[in-house]
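Below you'll find the structure, written out as structure tokens, and then a few comments.
Predicted model, so just to flag it, every value in this text is computed and none were measured.
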Amino acid sequence: MGVAVRVIPCLDVDAGRVVKGVNFENLRDAGDPVELAKRYNEAGADELTFLDVTASSAARATTFDVVSRTAEQVFIPLTVGGGVRAVADVDRLLRCGADKASINTAAVARPGVIDEITGHFGSQVLVLSLDARRTGNTPSGFEVTTHGGRTLTGLDALDWAQEAEDRGVGEILLNSMDADGTQAGFDLEMIRAVRARVHVPLIASGGAGAPEHFPPAVDAGADAVLAASIFHFGPVHAIAEVKDALRAAGHEVR
């Protein structure tokens with residue numbers, strides 16, 4: 001029996017509200033994060049990911065009070081990212097009720113912070129959020145971006161994923177910035193390429209628009225599937241529909 005595929009709704013939060021756009025732009029309001037988290041918990045989500053989408057670009061710390069209120073309402077693992085820069089930030093998130101922290105921009109700026117966080121708390125608490133775009137700037141054709149996808153780094157996404165794994169991250173959240181919010185399907189080529197380089201659990205993100213988009217991402221090597229638009233806005237596809245599609249494709253789900 002294999003490991004069950006996790007289905008993870010993502011709450012992109014800006015100024016205390018859940019938002020969603022296309023390629024992280026033209027954000028529109030999707031509701032209260034605490035209410036949505038509670039709804040997804042009751043609907044059978046396996047985990048929740050909470051990302052403060054403007055924390056790094058605005059040089060602002062994560063909204064800790066929203067994290068605390070969310071953690072009080074949900075009883076599944078909660079990963080929080082956005083503005084995580086140091087051991088102290090992770091410590092505060094964990095004290096607020098988060099189970100894992102997600103890091104992106106700060107790790108690119110100073111990779112050693114991965115060693116510091118995982119050395120202090122263990123690999124299981126740290127998720128590398130890897131936002132990648134297709135460009136002609138790197139050998140693989142996939143380039144790491146930061147600041148909500150607005151800044152190109154020159155880093156090859158495959159090399160960075162491998163380095164982060166070597167430094168101790170417990171999971172990688174792989175988000176296709178080109179597919180993000182388009183609801184046109186996951187970037188399967190990117191998932192396969194990163195899976196070929198790393199062994200830690202891989203969470204596929206960016207592009208889900210229908211239940212049938214999820215099984216191919218798992219076939220490509222994802223251990224978990226994450227989405228926002230498909231769950232937030234009508235016509236709403238229930239988490240159960242996504243799990244049914246995965247099950248019908250032969251994948252074990254919870």
Open item on the list: I'd like to know if Lys100 pairs up with Glu171 as an ion pair, taking the criterion as any Lys NZ or Arg NE/NH1/NH2 lying under 4.0 Å from an Asp or Glu carboxylate oxygen.
Closed with: yes
Task: Hydrophobic cluster membership, Met190 vs Leu152, 4.5 Å side-chain cutoff - done: no
Open item on the list: Tell me whether Asp89 contacts the main-chain N or O of Ala86 through its side chain, where contact means a donor paired with an acceptor under 3.5 Å.
Closed with: yes
Open item on the list: Looking at every heavy atom in both Leu128 and Ala107, which two are closest together, and how far apart are they?
Closed with: CD1-CB, 4.4 Å
Open item on the list: Under the salt bridge (Lys or Arg N to Asp or Glu O under 4.0 Å) definition, can you give me all pairs with a residue in residues 211-226, not counting sequence neighbours?
Closed with: Arg195-Asp223
Task: Non-hydrogen atoms of Leu78 and Gly97 that approach each other most closely - done: CD2-O, 4.5 Å
- [ ] Please examine the side chains of Leu11 and Tyr40, heavy atoms only from C-beta on, and report whether any two atoms are closer than 4.5 Å.
- [x] yes
Task: Flag side-chain contact, heavy atom, 4.5 Å: Leu155 against Val108 - done: yes
Open item on the list: Membership question, hydrophobic clusters at under 4.5 Å side-chain separation (ILVMFWY): are Val34 and Leu51 in the same one?
Closed with: no
Open item on the list: Which residue in the set Val113, Val84, Thr118 passes side chain to side chain contact (heavy atoms under 4.5 Å, CB included) when paired with Val90?
Closed with: Val84
Open item on the list: What I'd like to find out is whether the side chain of Val67 reaches to under 4.5 Å of the side chain of Leu93, using heavy atoms alone.
Closed with: yes
Task: Gap between atom CZ of Phe142 and atom CG of Asp187 - 0.5 Å precision - done: 5.0 Å
Open item on the list: Strictly distance-based, threshold 3.5 Å: is any side-chain N or O of Glu252 a donor or acceptor partner for the main-chain N or O of Arg247?
Closed with: no
Open item on the list: Under 4.0 Å between a side-chain nitrogen and a carboxylate oxygen: does that hold for Glu116 and Arg110?
Closed with: yes
- [ ] In plain terms, say whether Glu163 and Arg197 are close enough for a salt bridge, that is, a side-chain N and a carboxylate O under 4.0 Å apart.
- [x] no
Open item on the list: Give me the atom names and distance for the closest heavy-atom approach of Ala217 to Val225.
Closed with: CB-CG1, 4.1 Å
Task: Nearest heavy-atom neighbours spanning Cys96 and Ala71 - done: O-CB, 3.6 Å
Open item on the list: Distance check, rounded to the nearest 0.5 Å: Ile103 atom CD1 versus Leu173 atom CG?
Closed with: 13.0 Å
Open item on the list: Rounded at 0.5 Å granularity, tell me how far CG in Leu126 sits from OG1 in Thr79.
Closed with: 10.0 Å
- [ ] Evaluate the side-chain hydrogen bond (donor to acceptor under 3.5 Å, both in side chains) criterion for residues Asp131 and Thr145: first the C-alpha distance (whole Å), next the side-chain angles of each, then the deciding distance (0.1 Å), finally the verdict.
- [x] CA-CA 6 Å; Asp131 295 342; Thr145 69; 4.8 Å; no
Task: Arg92 charged N/C atom sitting above Phe64 aromatic ring, 6.0 Å / 45° - done: yes
Task: Arg192 side, atom CZ; Leu202 side, atom CG - distance, nearest 0.5 Å - done: 12.5 Å
Open item on the list: Keeping His213 on the side-chain end and Ala210 on the backbone end, is there a donor-acceptor pair under 3.5 Å?
Closed with: yes
TODO: Work out which heavy atom in Val144 is nearest to a heavy atom in Ala157; give both atom names and the distance.
DONE: CG2-CA, 3.6 Å
- [ ] Treat each ILVMFWY residue as a node, draw an edge where side-chain heavy atoms are under 4.5 Å apart, and state whether Leu158 and Trp160 are in one component.
- [x] yes
Open item on the list: Strictly distance-based, threshold 3.5 Å: is any side-chain N or O of Ser123 a donor or acceptor partner for the main-chain N or O of Gly168?
Closed with: yes
- [ ] Report yes if some heavy atom in the side chain of Ile172 is under 4.5 Å from a heavy atom in the side chain of Val198; otherwise report no.
- [x] yes
Task: Heavy atoms of other groups near Arg95 CZ, more than 12 under 6.0 Å - done: no
Task: Arg134/Glu143 salt bridge by N-O under 4.0 Å criterion - done: no
- [ ] Please report the closest heavy-atom contact between Ile76 and Asp99, naming both atoms and the distance.
- [x] O-OD2, 3.9 Å
Task: Heavy-atom side-chain proximity of Val66 to Phe50 below 4.5 angstrom - done: yes
Task: Heavy-atom check, side chain of Val242 versus side chain of Phe231, under 4.5 Å - done: yes
Open item on the list: Can you tell me how far apart CG (Asn175) and CZ (Phe186) are? Round to the nearest 0.5 Å.
Closed with: 9.5 Å
- [ ] Could you tell me whether a side-chain N or O of Arg150 sits under 3.5 Å from a main-chain N or O of His147, the two making a donor and an acceptor?
- [x] yes
Open item on the list: For Ala4, is there any backbone N or O sitting under 3.5 Å from a side-chain donor or acceptor partner on Arg254?
Closed with: no
Open item on the list: Quick check against the 3.5 Å criterion: does Asn104 have a side-chain atom that pairs as donor or acceptor with the backbone of Leu130?
Closed with: no
- [ ] First locate atom CD1 of Ile8, then atom CG of Leu48, and finally report the distance between them rounded to the nearest 0.5 Å.
- [x] 8.5 Å
